[in-house]
Amino acid sequence: MRIAIIGAGIGGLVTAAGLLRDGHDVTVYERLPTPGAIGAGLTLFGNGFAALDAIGLGDAVRDISIQAMSGLRSGQRQPSGRWLVAVPASAVASLRSVHRVELHRTLLDLVGAEHLRPGTAAGPATADGRPALVLDGREETFDLVVAADGLRSGTRVRLGLDPGVRYAGYTAWRGVTPADLDLGGVAGETWGRGQRFGIVPLPGGRVYWYATMTLPENTSFDDERAAVREHFGEWHPPIPSCLEATPAADVLRHDIYRLAAPLRSF
C-alpha cells in the first residue's frame with residue numbers, strides 16, 4: 001500500500017516504522033523544516049513494549065531506555081517524605097524510562113530520511129473516492145492517509161471531527177538533571193494539595209523530574225526555575241537536589257490540555 005502520514009512526532013514515526021517493516025510504501029509529511037522533539041522523560045510499561053514488539057520496534061527502544069524502578073522503592077509520598085503507598089516491586093518490574101528527545105531521534109533513524117518530507121504542509125482531501133492530500137497546493141492520492149498531527153490536529157478540524165481542547169486545570173514543569181544524582185534508593189511521586197512531584201531515573205545516570213500545580217490558565221512567571229523552587233523547594237529530599245541540579249534554561253513548563261470531548265471514532 002502507498003501510505004501517507006501527517007506528522008513526524010513520536011506517534012507518526014512509530015506508525016511509519018512499523019508500516020515500513022511490513023513492506024509498505026510510506027511517506028511522512030511534517031510541516032516543520034526540521035523534525036524534532038522537546039520534553040524530558042517518558043515511561044513505558046510492559047503493554048507498551050508488547051505493542052512495540054508487535055511491530056518490530058521493541059528492541060530498538062530497549063536499547064535507549066532503562067528499567068527505571070528496578071531496585072528502587074517507589075510509590076506515593078507526602079511533601080514531608082511520609083509514605084502514603086509503597087508500590088510492590090512486581091508492579092513496576094516492566095517499567096522502562098527513556099528521554100523523549102532520544103526516542104524521537106531513534107525513530108527518525110529507523111524511518112530514514114528518504115521517507116520524510118519536512119517543511120511540507122499536508123491537508124486532507126478526496127480524489128475520486130480515494131484518500132488524498134493537498135501538499136503545498138498540489139493534490140496527491142494514496143491508499144491510506146494517517147493523521148498523527150497532535151492534540152491540536154488541523155486534520156481533525158478540516159474533516160469536521162475535532163471536539164476542540166480544554167484546559168485540564170493545571171500546569172506542568174519538567175526537567176532532566178545533567179549528572180548523577182543520589183536518589184537515596186527511592187523514586188515515584190509526591191502528592192501535595194493541588195500539587196505533584198515525580199522522580200524517574202533515566203539512562204546515563206540522569207534523573208527526569210516533573211511538577212504539576214493547579215493554576216489558572218496562562219499563568220506566567222518571570223523565572224520558571226525560581227517558581228518551581230518556590231513551590232517545591234522545601235519538599236522532602238531529593239526534590240530540592242533535583243531542582244538545584246537542573247540548569248534554569250532546561251526547565252520547561254506547559255499548561256496541560258485535553259480533548260474537550262471523546263472522539264466519535266478512531
Side-chain angles (χ1 to χ4, degrees), residues 1-22 24-42 44 48 51-52 54-55 57 60-61 98-127 129-168 171-172 174 217-218 252-266:
M1 293 177 67
R2 186 165 183 259
I3 300 172
I5 296 174
I6 307 173
I10 289 174
L13 293 175
V14 166
T15 304
L19 290 169
L20 285 166
R21 289 178 64 90
D22 203 36
H24 298 285
D25 177 10
V26 181
T27 304
V28 182
Y29 297 95
E30 169 58 49
R31 63 182 176 81
L32 295 177
T34 304
I38 62 171
L42 289 174
L44 297 169
L52 290 169
I55 58 174
L57 304 182
V61 179
V98 62
H99 198 295
R100 182 183 182 90
V101 172
E102 291 163 6
L103 174 60
H104 190 266
R105 186 183 304 123
T106 296
L107 293 171
L108 281 174
D109 291 342
L110 288 171
V111 171
E114 67 273 21
H115 297 287
L116 297 170
R117 299 293 182 271
T120 304
T126 56
R130 296 184 63 192
L133 289 179
V134 177
L135 303 168
D136 291 335
R138 60 183 175 80
E139 193 168 290
E140 194 168 337
T141 60
F142 298 87
D143 297 306
L144 174 68
V145 172
V146 179
D149 50 347
L151 179 67
R152 292 179 171 82
S153 168
T155 306
R156 283 201 312 270
V157 172
R158 285 189 285 271
L159 294 176
L161 302 173
D162 187 56
V165 299
R166 64 181 176 87
Y167 181 48
T171 197
R174 290 170 293 163
E217 186 178 11
N218 297 321
L252 306 172
R253 184 174 69 87
H254 298 90
D255 284 350
I256 304 302
Y257 294 86
R258 60 183 58 162
L259 292 178
L263 297 176
R264 294 200 299 269
S265 66
F266 287 102

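Heavy atoms only: backbone and side chains are in, while hydrogens, waters and symmetry mates are out.
Judged as a side-chain contact (heavy atoms from CB on, under 4.5 Å), and not counting sequence neighbours, the contacts of Arg152 are Val165, Tyr257. Evaluation of the side-chain contact (heavy atoms from CB on, under 4.5 Å) rule for Thr155 yields Ile6, Pro124, Ala147, Asp149, Ser153, Arg158, Leu159 as partners, not counting sequence neighbours. Considering only residues two or more places apart in sequence or on other chains, Ala168 meets the side-chain contact (heavy atoms from CB on, under 4.5 Å) condition with Tyr170, Ile256, Arg258. In this structure Glu140 satisfies the salt bridge (charged side-chain N to carboxylate O under 4.0 Å, His left out) test together with Arg2, Arg138, sequence neighbours excluded. For Thr171, the side-chain contact (heavy atoms from CB on, under 4.5 Å) criterion is met by Tyr167, Trp173, Leu215, Arg253, Asp255, not counting sequence neighbours. Here Asp143 pairs with Arg130 under the side-chain hydrogen bond (donor to acceptor under 3.5 Å, both in side chains) rule; sequence neighbours left out. Scored by the side-chain hydrogen bond (donor to acceptor under 3.5 Å, both in side chains) test, Arg100 finds no partners at all (sequence neighbours excluded).
Of the possible donor and acceptor atoms, one in the side chain of His99 sits under 3.5 Å from a partner among the backbone N and O of Val101.
Each of Thr27, Ile5, Leu13 was compared with Leu116 under the side chain to side chain contact (heavy atoms under 4.5 Å, CB included) criterion, and only Leu13 meets it.
Between the CZ atom of Arg21 and the CG atom of Leu110 there is a distance of 8.0 Å, given to the nearest 0.5 Å. Note that CG of Asp162 and CG of Leu263 are 8.0 Å apart. Values are rounded to the nearest 0.5 Å. Of the inter-residue distances, the one linking Leu144 atom CG with Leu19 atom CG reads 7.5 Å to the nearest 0.5 angstrom.
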For residues 28-39, which side-chain donor-acceptor pairs fall under 3.5 Å, sequence neighbours excluded?
residue	atom	partner	partner atom	Å
Glu30	OE1	Ala8	N	2.8
Glu30	OE2	Leu32	N	3.0

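The shortest heavy-atom contact between Gly160 and Arg264 is O-NH2, 3.7 Å. For Phe142 against Ile3, the heavy-atom pair with the smallest separation is CD2-C, 4.1 Å. Taking each heavy atom of Asp136 and Gly119 in turn, the nearest pair found is OD2-O, 4.2 Å.
Applying the side-chain hydrogen bond (donor to acceptor under 3.5 Å, both in side chains) definition to pairs two or more places apart or across chains, none involves residues 105-119.
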